[in-house]
Amino acid sequence: MAYASITKPSLHFNTKLWTGTGSNGNAISGVGFAPDWVWVKNRSETFDHVLFDRVRGDNKHVETNNNSTEENEAYTLAFGSDGYSVGTNTLNKSGNNIVGWNWKANGAGSANTDGSINTTATSVNTTAGFSISKYTGTAATATIGHGLGVAPKMMITKRISGGNEDWGIYHASIGATKYLKLNATDAEGSSSGVWNNTAPTNQVFSVGSSSLTNGSGTYIAYCFAEKKGYSKIGPYTGNGNANGPFIYTGFQPAWVMIKNAGAAEQWRVYDNKRDPFNHMFRCLFPNANNGENTTDNGSEEIDFLSNGIKIRSSAAQLNGNGNTLIYMAFAAEPLVANVGGSIPATAR
């Protein structure tokens, strides 16, 4: 029997919910680890999705729903040992409901010299298959070290200085000749300039001359590899039916992001804290600043099961007939942890 490599996923990924106080220095604790990548969204109002990481440091953020460069706004978010503190901005607006998704890497990181471009810092959690790398683009074909020791199956890049540019997405299911944009609804595009038509290896990922991944300026890259019982990155094919596909992950999901790669549809994120019971309909949209969907109309319906995800919608954004849809999921608990380990996951 195959057992999970991570028996307690909450030591590497966790979701935190809070209500804004409007006061500076509101401490958000109880994450369960020192987070290194934090993605925050005000659920109540039309505010941007904001992303922070320890490689770039406190208060420096980029926004998934637009192509802007990095902003450095004082008193926005300061990292701590079991969470972070937030200021008086949209991350803490009084009375608003807010969500923070948190991943563990390895602090501020250090230089990686595996590629033709040396990273100024790479922060790596090899156990959980996650790394953060900061590098300077050359506008010419190059390779960049990711530090994972295995080939990543999903990568997210953003130019943070040198001019506005869209977010670049690599997903193994559509391959290195194609790309998606996190800040857009666009279907997959094709370009050798983005990933140089070359799949990542266990040491490096490849980039061409496209400013999506390697123009002039500074970039940040978030790389993800699969780990049994903790993360799953893959495709499924839509059938256009309310009785949609079942996606086996080998764990009870805590968080999932889905995109119809074959059509112009929104990205969608679900988690088990905002929707603690099936079915899941409180989605957020990484490509848009909309508040959280709170209407249970069936069009956003999925179920988190003990061993995967069940699509229960005929809507194109989740189940376009014949379309390839991509996803990345992280675990609440593995289906089977280890010999003599925790009780196997049960259905919600």
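Keep in mind that this is a model prediction, so the values were computed, not measured.
F285 and V99 are assigned to two separate hydrophobic clusters, defined by single-linkage of ILVMFWY side chains at heavy-atom distances under 4.5 Å. Cluster membership for L11 and F79, using ILVMFWY side-chain heavy atoms within less than 4.5 angstrom, is not shared. Residues Y179 and F205 are members of one and the same hydrophobic cluster, defined by side-chain heavy-atom contacts under 4.5 angstrom among Ile, Leu, Val, Met, Phe, Trp and Tyr. Side-chain heavy atoms closer than 4.5 Å link hydrophobic residues (I, L, V, M, F, W, Y) into clusters, and following such links, possibly through other members, connects I174 to M257. One hydrophobic cluster, built from ILVMFWY side chains closer than 4.5 Å, holds both I326 and L284.
No side-chain heavy atom of V40 sits under 4.5 Å from any side-chain heavy atom of W101. Counting heavy atoms from C-beta outward, R43 and I98 have side chains that stay 4.5 Å or more apart. Residues N102 and F13 are not in side-chain contact: their nearest non-hydrogen atoms beyond the backbone lie 4.5 Å or more apart. P286 is not listed as a side-chain neighbour of K259, based on a closest heavy-atom distance of 4.5 Å or more. At least one side-chain heavy atom of M280 sits less than 4.5 Å from a side-chain heavy atom of F304. A heavy-atom distance below 4.5 Å is not found between the side chains of N241 and S314. Residues V62 and S68 fail the side-chain proximity criterion, which asks for heavy atoms closer than 4.5 Å. Using a 4.5 Å heavy-atom cutoff, the side chains of I220 and T157 are not in contact.
No donor-acceptor contact under 3.5 angstrom links the side chains of E45 and N42, judged on distance only. With hydrogens and angles left out, the side-chain atoms of T122 and T119 include a donor and acceptor closer than 3.5 Å. Using modelled atom types, one finds no donor on one side chain facing an acceptor on the other under 3.5 Å when comparing E73 with N59. No donor-acceptor contact under 3.5 angstrom links the side chains of S313 and E301, judged on distance only. Looking at N289 and K41, their side chains never bring a donor and an acceptor atom within 3.5 Å of each other.
The two atoms that bring D275 and F281 nearest to each other are OD2-N, 2.9 Å, heavy atoms only. The two atoms that bring V55 and A121 nearest to each other are CG1-CB, 3.8 Å, heavy atoms only. Between G308 and T249, the closest heavy-atom pair is CA-OG1, 3.3 Å. For N97 against S44, the heavy-atom pair with the smallest separation is N-OG, 2.8 Å. Among all heavy-atom pairs drawn from P152 and H146, the shortest one is CD-NE2, 3.4 Å. Of all non-hydrogen atoms in A316 and N260, the two that sit nearest each other are O-ND2, 2.8 Å.
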Before you tell me yes or no, could you show the steps for I160 and T69 under side-chain contact (heavy atoms from CB on, under 4.5 Å), namely the whole-Å CA-CA distance, both residues' side-chain angles and the distance that decides it to 0.1 Å? CA-CA 4 Å; I160 58 175; T69 55; 5.7 Å; no
Determine, step by step, whether Y219 and T136 satisfy the side-chain contact (heavy atoms from CB on, under 4.5 Å) criterion, reporting the C-alpha distance in whole Å, the side-chain angles of both residues, the deciding distance to 0.1 Å, and the verdict. CA-CA 6 Å; Y219 288 77; T136 301; over 6 Å; no
Start with the C-alpha distance between N319 and N239, add both sets of side-chain angles, then the distance that settles side chain to side chain donor-acceptor pair (under 3.5 Å), and finish with yes or no. CA-CA 6 Å; N319 196 17; N239 64 16; 2.8 Å; yes
Starting from the C-alpha separation in whole Å, work towards a yes-or-no answer on side chain to side chain donor-acceptor pair (under 3.5 Å) for N183 and N67. CA-CA 7 Å; N183 59 302; N67 65 0; 5.9 Å; no
Going through the checks in order, is the side chain to side chain donor-acceptor pair (under 3.5 Å) test met by N278 and K310? CA-CA 10 Å; N278 281 332; K310 175 65 175 177; over 6 Å; no
Go through it in stages, so that I can follow the logic: the residues are M328 and V256, the test is side-chain contact (heavy atoms from CB on, under 4.5 Å), and I'd like the CA-CA distance, side-chain angles, deciding distance and then a yes or no. CA-CA 6 Å; M328 178 167 66; V256 63; over 6 Å; no
What's the verdict on side-chain contact (heavy atoms from CB on, under 4.5 Å) for L318 and I258, showing C-alpha distance, side-chain angles and the deciding distance? CA-CA 7 Å; L318 290 171; I258 298 172; 3.9 Å; yes
Show, in sequence, the C-alpha distance, side-chain angles and deciding distance for Q266 and T185, and conclude whether the side chain to side chain donor-acceptor pair (under 3.5 Å) test is met. CA-CA 5 Å; Q266 295 200 92; T185 61; over 6 Å; no
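Aromatic ring centres of F130 and F224: separated by under 6.0 Å. W167 has its ring centre no less than 6.0 Å from the ring centre of W267. For Y230 and F330, the ring centers sit closer than 6.0 Å to each other. Taking the six-membered ring where the residue is Trp, the centroids of Y222 and W37 are separated by under 6.0 Å.
I302 CD1 to R268 CZ: the interatomic distance, rounded to the nearest 0.5 Å, is 9.5 Å. Atom-to-atom distance recorded for N214:CG and S209:OG is 7.5 Å, nearest 0.5 angstrom. With values rounded to the nearest 0.5 angstrom, I169 atom CD1 is found 4.5 Å from M154 atom CE. Residue T201 holds its OG1 atom at 10.5 Å from CG of L148, rounded to the nearest 0.5 Å. The OG1 atom of T15 lies 6.0 Å from the CG atom of N272; values are rounded to the nearest 0.5 Å. For the atom pair I28 CD1 and S85 OG, the distance stands at 8.5 Å (nearest 0.5 Å).
A donor-acceptor distance shorter than 3.5 angstrom exists from the side chain of T120 to the backbone of K134, with no hydrogens or angles considered. A distance-only check finds a donor-acceptor pair linking the side chain of N293 to the backbone of T295 [under 3.5 Å].
Among V31, L91, L77, the single residue meeting the side-chain contact (heavy atoms from CB on, under 4.5 Å) criterion with V38 is L77. Of the candidates T76, N26, N24, N92 forms a side-chain hydrogen bond (donor to acceptor under 3.5 Å, both in side chains) with just one, namely N26.
When the salt bridge (Lys or Arg N to Asp or Glu O under 4.0 Å) test is applied to K104, no partner is found at least two apart in sequence or on another chain. By the salt bridge (Lys or Arg N to Asp or Glu O under 4.0 Å) test, R274 is found to be paired with D271, E292, residues two or more places apart in sequence or in another chain being considered.
Remark: E70 engages R56 in a salt bridge, criterion side-chain N to carboxylate O under 4.0 Å.
Taking the six-membered ring where tryptophan is involved, the planes of W103 and W255 are perpendicular, since the angle between them exceeds 60° and thus also 30°.
Heavy atoms from other residues, nucleotides or ligands lying under 6.0 Å from OH of Y75 number 12 at most. Counting heavy-atom neighbours within 6.0 Å of K8 NZ, excluding the residue itself, gives a total of 12 or less.
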